[in-house]
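Written below as structure tokens is the structure these notes are about.
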Amino acid sequence: MISEKMMQLGKKSSIIREIFEYGKKRKAEIGAENVFDFSLGNPSVPAPQKVTDVMNKLIAETPAELLHGYTSAPGDLNVRNKIAEYINNKFGVKANAGLIYMTCGAAASLTITLNAIVEDGDEVIALAPFFPEYRVFAEQAGAKLVVVACKKEDLQIDFDALEKAITPNTKAIIVNSPNNPSGVIIPEKDVIALTDLLKEKQKEYNKEIFVISDEPYRELVFTGEMVPYIPCYYNNTFVCYSYSKALSLPGERIGYIFVSPDMKDAGDVYAAICGSGRALGYVCAPSLMQYTISECLEDTADISIYEKNRKILYDALTEIGYTVIKPDGAFYMFVKALEEDANKFYERAKKFELLLVPSDSFGVEGFVRISYCVDTELIERSIPAFKSLYEDYKND
Ligand code: PLP
């Protein structure tokens, strides 16, 4: 027989995918220009020209056995050296190639990390709202996912709730800032409060509690500030980085794990990361992409387009009367549904051809997510539909 668990997982597509598929069908029925599809988080900004230039140069000039050959299992040494140097210069930490593991994006970084640390009976905390795949990844690694709701008014950490959720079984907490689905960034004072709390709990329970910092949106920030780098505040940190959004390369599957050098027994922990990557078959991340990103570490996709979209949408929705959690980063906006049940609100929005993602799958109720990584022109055209939806509720 086959694994019932995996079969169910494979059959059950995510609500985001379902909405996206519905959108495709609807576009075929009434014309793409008449459907306002805000479902997917696929970058709408092209990769920087430099990425294409570097790839072309690599293809033209690199011997085939290197270009398309296996790298060493954790990634090419030269690439990992360059990433370590970049991290050290930017954040003032002491990374080295022996603490970096190249992966197929943040999803692989997360699954490898979770499988490297989780043992029977462990709990992993996710702060809601959270990326729905965290549940799949944590449970597959054998952990119980413990969901801690953020404060409803600003979606920042609710420290009372978090403190209550940390138990002797807590192995790790996943932190995602800027956040998918809310776009919220955890401010430095909260990073300090979080890491102080974890240090206290580590002492109390006499064990390690890890932070897994999921960072695909690190470069997508609109406030001009730098997102606090958690290894600077807390030793037991893994950084799960990805170039999917930073360089608009989600289909190329490239990212890395950085194990903080200050982690207890960092060498053994890194060995566990290598072992986990090996056990999951995640060795030798795509070689061409490893070489490419190593030449583009200082580059970022043109996020001014997301910033423009954010402003247009935020200003218009708040003016209409919607309650919006102002996003400081990523390319998502969390909007309060106009009735308690976000699924009903989502269904009603569909009548106005607005495809929004109800928040239940992100672990909270009463909101919808708008992915504004779309053409600016689509956002502008969608505003009357948002207005009609709002008025429809007013007329109830
Ligand atoms: N984590 C979060 C919060 C995400 O939003 C995503 C993708 O959208 C991922 C991880 C996975 O990213 P990647 O494409 O790098 O695997």
Which residues share a ring-ring contact (aromatic ring centres under 6.0 Å, His included) with F91, sequence neighbours left out: Y229
Partners meeting side-chain contact (heavy atoms from CB on, under 4.5 Å) with K394 (sequence neighbours left out): Y390
Residues K25, E21: salt bridge by 4.0 Å N-O rule: no
Y101: partners by ring-ring contact (aromatic ring centres under 6.0 Å, His included), with sequence neighbours left out: none
Set of residues satisfying side-chain contact (heavy atoms from CB on, under 4.5 Å) with respect to I59, sequence neighbours excluded: L67, L288
Partners passing side-chain contact (heavy atoms from CB on, under 4.5 Å) against L66 (at least two apart in sequence or in another chain): T62, P63, Y291
Side chain to side chain donor-acceptor pair (under 3.5 Å) contacts in which one or both residues fall within residues 111-138, not counting sequence neighbours: E119-K171, D122-K171, E123-T167, Y134-D214, R135-E139
Identified side chain to side chain donor-acceptor pair (under 3.5 Å) counterpart of N236 within the set E208, K264, Q202: Q202
side-chain contact (heavy atoms from CB on, under 4.5 Å) against S359, all qualifying residues, sequence neighbours excluded: F334, A342, F362, V364, F367
Charged N-O contact under 4.0 Å between R26 and E29: yes
Pairs satisfying salt bridge (Lys or Arg N to Asp or Glu O under 4.0 Å), at least one member in residues 83-111, at least two apart: K90-E219
Residue pairs, two or more places apart or on separate chains, that pass ring-ring contact (aromatic ring centres under 6.0 Å, His included) and touch residues 186-214: F210-F238
Partner set under side chain to side chain donor-acceptor pair (under 3.5 Å) for E153, not counting sequence neighbours: none
Any residue meeting side chain to side chain donor-acceptor pair (under 3.5 Å) with S242, in chain and number order, not counting sequence neighbours: S244
Side chain to side chain donor-acceptor pair (under 3.5 Å) contacts in which one or both residues fall within residues 248-257, not counting sequence neighbours: none
Stepwise side chain to side chain contact (heavy atoms under 4.5 Å, CB included) test for F38 and I19: CA-CA 9 Å; F38 295 107; I19 299 169; over 6 Å; no
